[in-house]
Number of protein chains: 2
Amino acid sequence: MPDAYYLQLTEQLRYLITQHATQWEGKLPAERVLAERFSTTRVTLRQALAQLEGEGLIHRSNRRGWFISPARLVYDPTRDAGFNDYVGAQGRQPRTAVLKLETRSHLVAARALGLPDDQPFHHIRRRRYVDDRAVLVESLWVVPERAPELLDIYSGQSLWGLLRGRWGHHLANRSIRMVSEALSPLDAEELLVAPGAAGLNICRAIFDDQQRPIEYDEEHWLHDSLCISVELSGQQ
Amino acid sequence: MPDAYYLQLTEQLRYLITQHATQWEGKLPAERVLAERFSTTRVTLRQALAQLEGEGLIHRSNRRGWFISPARLVYDPTRDAGFNDYVGAQGRQPRTAVLKLETRSHLVAARALGLPDDQPFHHIRRRRYVDDRAVLVESLWVVPERAPELLDIYSGQSLWGLLRGRWGHHLANRSIRMVSEALSPLDAEELLVAPGAAGLNICRAIFDDQQRPIEYDEEHWLHDSLCISVELSGQQ
DNA sequence: GCAAACTCCTGGTCTATACCAAAACGCTGG
DNA sequence: CCAGCGTTTTGGTATAGACCAGGAGTTTGC
């Protein structure tokens with residue numbers, strides 16, 4: 001119904017994608033090929049592709065081309081189930097790459113946890129994959145007193161599992177913040193996408209059952225790769 | 001640092017916007033004016049503007065121009081504080097326009113509440129504003145038995161307040177889903193933005209303390225107008 | 001004095017083309 | 001069979017215009 005050609009194109013592409021998903025094995029033909037097939041220019045074609053990207057139907061891997069996006073991962077940021085667990089539970093393959101391990105201060109984490117500005121933290125930066133697609137990068141800032149030798153033993157497993165199992169912490173109170181964002185050049189590079197790609201930023205400050213600060217973390221997700229789901233019972 | 005000109009442009013515009021926010025009274029100069037000032041074409045200029053739009057710094061009102069986005073509204077979808085209350089508490093001016101009142105069935109709501117497909121609902125569609133900017137449209141699907149004469153008395157106030165005050169319902173269990181989206185042509189039109197603009201879709205299914213279904217609602221927010229914030233205590 | 005009609009400006013859309021750098025591909029030699 | 005190297009392909013970026021239709025402001029006519 002819409003008159004703009006790029007919107008008609010969007011519909012035709014949407015149809016083609018759902019039909020030929022398997023045939024193309026997830027990757028769309030080259031932009032020049034698609035532009036010619038639809039008798040238009042790359043500029044207009046890209047406008048249509050950007051629409052579908054906004055919907056989360058397709059995404060592009062920087063300089064590699066357009067790909068059909070897999071189903072969104074269902075994620076509950078209020079639970080402390082490990083990434084590996086809930087990804088596996090949804091029949092997907094999780095993977096984690098540790099990008100950095102260090103100890104230093106971090107103003108934002110300190111403020112979020114109510115600690116002095118120069119408070120040092122154990123910092124873990126990791127990238128996480130679902131079915132070999134990088135879907136998020138995150139930075140974890142752990143109060144060293146709560147997990148002294150963390151950096152020596154950490155190798156990609158569930159942090160919350162470690163905190164509970166090894167140091168006996170009970171993660172009790174948490175404040176969570178979610179904001180849509182454009183991925184920073186650094187985050188985008190680590191996720192192999194174009195700078196400025198749409199993302200979702202999730203920040204959490206975690207305290208134990210005695211209100212002691214445990215950890216602060218900052219996640220940057222590709223916007224099309226998750227569906228946030230929260231189940232609550234009891235009156236608010 | 002980035003080499004691409006449109007990224008340099010983005011930085012310059014970001015600077016100008018934060019400096020001249022008051023001078024321009026929230027509205028940016030015409031695209032042709034900006035393009036000429038930066039010695040580039042509208043195409044490239046728009047690429048830079050789109051970056052800032054993705055970050056939530058600016059937005060465009062369909063065919064009206066580019067505007068500086070106000071601060072995000074902090075919103076906790078797990079609480080049932082009324083819109084008017086929490087907008088007011090943040091020093092902002094709330095407003096609600098009722099777009100539609102009707103009774104009919106709705107498959108998605110029925111499924112979400114575990115009711116038969118042909119279950120009728122009281123349907124309220126409303127648009128909500130913060131400081132006179134339309135920031136969301138939503139559809140509410142209320143089980144008629146829980147609020148029989150709802151449509152006769154409803155005129156824009158807090159629905160949850162009504163359910164609690166008039167019919168004595170205790171909203172107890174809720175399942176919430178949040179997904180990034182591109183606004184549908186209808187939603188975009190009702191929010192006065194271009195079709196396909198980035199949005200956030202929030203759906204909730206609400207049950208009372210006896211697990212009886214009360215209500216299902218679907219919100220479509222402009223992506224740059226909110227910051228989701230959840231506070232939780234107690235172990236999960 | 002006010003509403004309707006008109007004009008101008010502006011954003012929305014589109015064409016056609018070009019160059020660059022990174023990725024992908026294919027060839028070649030060990 | 002694989003590593004290294006050169007070629008081709010492809011996405012990313014950019015230019016220079018053009019037309020249209022909706023919005024906004026102004027003028028006109030009752």
Side-chain angles (χ1 to χ4, degrees), chain A residues 1-13 24-54 58-68 134 182-183 185 188-198, chain B residues 1-13 24-54 58-68 134 182-183 185 188-198:
Chain A
M1 310 334 134
D3 38 356
Y5 183 54
Y6 84 95
L7 287 175
Q8 296 175 35
L9 247 185
T10 303
E11 295 313 312
Q12 292 183 48
L13 285 169
W24 287 336
E25 287 180 357
K27 185 178 191 312
L28 267 60
E31 292 181 1
R32 286 171 174 83
V33 173
L34 287 174
E36 190 174 12
R37 179 181 311 180
F38 292 104
S39 312
T40 184
T41 60
R42 275 180 68 207
V43 180
T44 302
L45 189 260
R46 280 170 68 90
Q47 209 173 344
L49 291 172
Q51 280 286 318
L52 297 172
E53 185 184 26
I58 59 177
H59 65 275
R60 54 191 159 148
S61 186
N62 202 15
R63 288 197 167 275
R64 253 167 292 263
W66 295 88
F67 298 83
I68 299 173
L183 295 174
E189 192 192 328
E190 291 184 340
L191 290 171
L192 292 180
V193 298
Chain B
M1 314 323 146
D3 39 357
Y5 183 53
Y6 84 95
L7 288 175
Q8 296 175 35
L9 245 186
T10 303
E11 296 313 310
Q12 294 183 46
L13 285 169
W24 287 335
E25 287 180 356
K27 186 179 191 310
L28 267 60
E31 291 182 1
R32 286 171 174 83
V33 174
L34 287 174
E36 190 173 12
R37 178 182 309 182
F38 292 103
S39 314
T40 185
T41 58
R42 275 180 69 208
V43 179
T44 303
L45 190 260
R46 281 170 67 90
Q47 211 173 340
L49 291 171
Q51 280 286 319
L52 296 171
E53 185 184 27
I58 59 176
H59 65 274
R60 53 192 160 150
S61 186
N62 203 15
R63 287 192 172 279
R64 250 168 296 261
W66 294 88
F67 298 83
I68 300 173
L183 294 174
E189 193 190 328
E190 291 184 339
L191 290 172
L192 294 180
V193 297

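Worth saying up front: this structure is predicted, and the values here are computed from it rather than measured. Sequence lines set the chain letters: A, B, ... in the order given, protein chains first and strands last, and positions in each chain run from 1.
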Looking at residues at least two apart in the chain, or sitting in another chain, which of them share a side chain to side chain donor-acceptor pair (under 3.5 Å) with Gln51(A)? none
Residues which pass side chain to side chain donor-acceptor pair (under 3.5 Å) with Arg64(A), listed by chain and number, not counting sequence neighbours: Ser61(A)
How long is the span from the CG atom in Leu28(B) to the CZ atom in Phe67(B), to the nearest 0.5 Å? 9.0 Å
Close residues, residues 43-53 of chain B, relative to DNA chain D [heavy-atom separation under 4.0 Å]: Val43(B), Thr44(B), Gln47(B)
Report, as yes or no, whether the 6.0 Å neighbourhood of atom CD on Gln12(A) holds more than 12 heavy atoms from other residues, nucleotides or ligands. yes
For the helix from dG1(C)-dC30(D) to dG30(C)-dC1(D), measure the angle between the helix axis at one end and the axis at the other, each built from five pairs, rounding to 10°. 20°
Go through the N and O atoms of the side chain of Arg42(B) and the base of dG17(D), and report whether any donor-acceptor pair is under 3.5 Å. no
Identify the two heavy atoms, one from Ala194(B) and one from Ala188(B), that lie closest to each other, and give their separation to 0.1 Å. O-CB, 3.6 Å
Straight-line distance of Arg46(B) CZ to Leu49(B) CG, nearest 0.5 Å: 8.0 Å
All heavy atoms of Ala182(A) vs all of Gly196(A), minimum pair found to be CB-O, 3.7 Å
Residues which pass side chain to side chain donor-acceptor pair (under 3.5 Å) with Glu53(B), listed by chain and number, not counting sequence neighbours: Arg60(B)
Side-chain contact, heavy-atom cut-off 4.5 Å: Leu13(B) with Phe38(B)? yes
For Pro29(B) and Leu34(B) the tightest heavy-atom approach is O-CD1, 3.7 Å
In the 5' to 3' direction, the nucleotides of DNA chain C bounding the stretch that comes under 4.0 Å of a heavy atom in chain B are dT10(C) to dT13(C)
Below the 4.0 Å mark, does dT13(D) have OP1 or OP2 next to a side-chain nitrogen or oxygen of Tyr6(B)? yes
Partner residues of Ala35(A) under the side-chain contact (heavy atoms from CB on, under 4.5 Å) criterion, sequence neighbours left out: Arg42(A), Leu45(A)
Could you go through nucleotides 5-10 of chain D and list every protein N or O atom that sits under 3.5 Å from one of its N or O atoms, giving the distance for each pair?
none

Side-chain N or O of Thr40(B) closer than 4.0 Å to phosphate OP1/OP2 of dT15(D): yes
May I ask you to say what Arg60(A) touches in the nucleic acid, namely base, sugar-phosphate or nothing, with a heavy-atom cut-off under 4.0 Å? sugar-phosphate
Write down the atom of Pro195(A), the atom of Pro185(A), and the distance for their closest heavy-atom approach. CB-CA, 4.3 Å
Between Trp66(B) and Ser39(A), whichever has its closest DNA chain C nucleotide further toward 5' is Trp66(B)
Could you list the residues that satisfy side-chain contact (heavy atoms from CB on, under 4.5 Å) with Thr44(B), not counting sequence neighbours? Tyr5(B), Tyr6(B), Leu9(B), Thr40(B), Thr41(B)
